[in-house]
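As structure tokens, the structure follows; a few thoughts come after it.
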Amino acid sequence: ANILHHKTKGCPFCVKQVMMELYKERLLNPSLSRRRWVWETDKILDMKIPENVAAFIAKSLDRLPPEVLTALTVLSCFGARAEISLMTVLEREINQSLIAPLEAAIAYSVLRKKDGEFFFMHDKIQEAAYSMMQPEESCLHHNLYGQALGFVAMRNNDDKLLLTAVGQINHGRTKAVINGQQAVLVSNLNLDAGKKAMSMSD
């Protein structure tokens, strides 16, 4: 009951859909020997929620606290999942609270945390969080996060972080570049990332 409530927020329609999915995936079964239903807790926790349940939860995002919504929007810029360590670095660099609100989002059944990553419970929820930004806003966000991470990557000589940073900057596209100095910085970061990628390639 606790797991179902966590995944569905108690919505009867969603409970029904998730129960059907559990039975279909053989994660919830009647045991004749034990005379009760048995289930696999870990696998159920890891199970992706069905499409229609995800759509319902995505529609209810606007009921979340503003700081949680903001943090989810930031996370959505990195796709369906992102390392907690990456969010910690970004939190420090852009001086915006991310980790605490993302931890809070877990209680609202929109995120999970596993193996050092935050990940959205469903792609539809990530899409809904991302769509809260206007297209011109998203360019600026990607660019901001990319440049912030790029400075850390250069400072720490971190190749993995550099590739992530350049990926973000390029999502921002040229619209986000505000002057010639920034254009040179973006070009140099791309050049460095290209060289790293070529040296890492088999």
Mind checking the [atom1]-[atom2] spacing from [X] to [Y]? Nearest 0.5 Å is all I need.
{"X": "Trp39", "Y": "Ile44", "atom1": "CH2", "atom2": "CD1", "answer": "8.0 Å"}
{"X": "Ile125", "Y": "Tyr108", "atom1": "CD1", "atom2": "OH", "answer": "14.5 Å"}
{"X": "Phe118", "Y": "Leu72", "atom1": "CZ", "atom2": "CG", "answer": "10.0 Å"}
{"X": "Leu149", "Y": "Leu163", "atom1": "CG", "atom2": "CG", "answer": "12.0 Å"}
{"X": "Leu90", "Y": "Gln96", "atom1": "CG", "atom2": "CD", "answer": "7.5 Å"}
{"X": "Leu102", "Y": "Glu67", "atom1": "CG", "atom2": "CD", "answer": "11.0 Å"}

Do [X] and [Y] have side chains that get closer than 4.5 Å, going by heavy atoms?
{"X": "Met47", "Y": "Val18", "answer": "yes"}
{"X": "Asp158", "Y": "Val152", "answer": "no"}
{"X": "Asn156", "Y": "Leu161", "answer": "no"}
{"X": "Asp46", "Y": "Arg112", "answer": "yes"}
{"X": "Val110", "Y": "Val68", "answer": "no"}

Ser97 backbone acceptor or donor facing Glu91 side chain under 3.5 Å: no
Do you know the tightest heavy-atom contact between [X] and [Y]?
{"X": "Ile99", "Y": "Ile84", "value": "CD1-O, 4.0 Å"}
{"X": "Cys77", "Y": "Tyr145", "value": "SG-CE1, 3.8 Å"}
{"X": "Ala129", "Y": "Phe120", "value": "CB-CE2, 4.2 Å"}
{"X": "Ala193", "Y": "Val166", "value": "CB-CG2, 3.6 Å"}
{"X": "Ala148", "Y": "Glu93", "value": "CB-CB, 3.9 Å"}

Same cluster (ILVMFWY, side-chain, under 4.5 Å), [X] and [Y]:
{"X": "Met87", "Y": "Leu69", "value": "yes"}
{"X": "Met133", "Y": "Val74", "value": "no"}
{"X": "Leu45", "Y": "Trp37", "value": "yes"}
{"X": "Leu28", "Y": "Met20", "value": "no"}
{"X": "Leu64", "Y": "Met121", "value": "yes"}

By the definition side chain to side chain donor-acceptor pair (under 3.5 Å), identify the one residue from His141, Gln147, His142 that meets it with Gln168.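 Checked His141, Gln147, His142 against Gln168; only one passes side chain to side chain donor-acceptor pair (under 3.5 Å): His142.
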Who are the salt bridge (Lys or Arg N to Asp or Glu O under 4.0 Å) partners of Glu40, not counting sequence neighbours? Lys43
Looking at Arg35, I'd like to know if its CZ atom is crowded, meaning that more than 12 non-hydrogen atoms belonging to other residues, nucleotides or ligands lie closer than 6.0 Å. no
Over 12 non-hydrogen atoms of neighbours within 6.0 angstrom of CG in Asn2: no
Lys113, Lys160, Lys114 screened by salt bridge (Lys or Arg N to Asp or Glu O under 4.0 Å) with Glu83, the one that passes: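 Among Lys113, Lys160, Lys114, the one that satisfies the salt bridge (Lys or Arg N to Asp or Glu O under 4.0 Å) with Glu83 is Lys160.
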Under the criterion side-chain contact (heavy atoms from CB on, under 4.5 Å), I'd like the reasoning laid out for Met132 against Ser76: C-alpha separation, chi angles, the key distance, then a yes or no. CA-CA 10 Å; Met132 287 189 289; Ser76 72; over 6 Å; no
On the ring face of Tyr23, is Arg26 found with NZ or CZ under 6.0 Å from the centre and within 45° of the axis? yes
Let's go through Leu189 and Met154 carefully: what are the C-alpha distance in whole Å and the side-chain angles of both, what is the deciding distance for side-chain contact (heavy atoms from CB on, under 4.5 Å) to 0.1 Å, and is it a yes or a no? CA-CA 9 Å; Leu189 284 171; Met154 290 189 295; 3.7 Å; yes
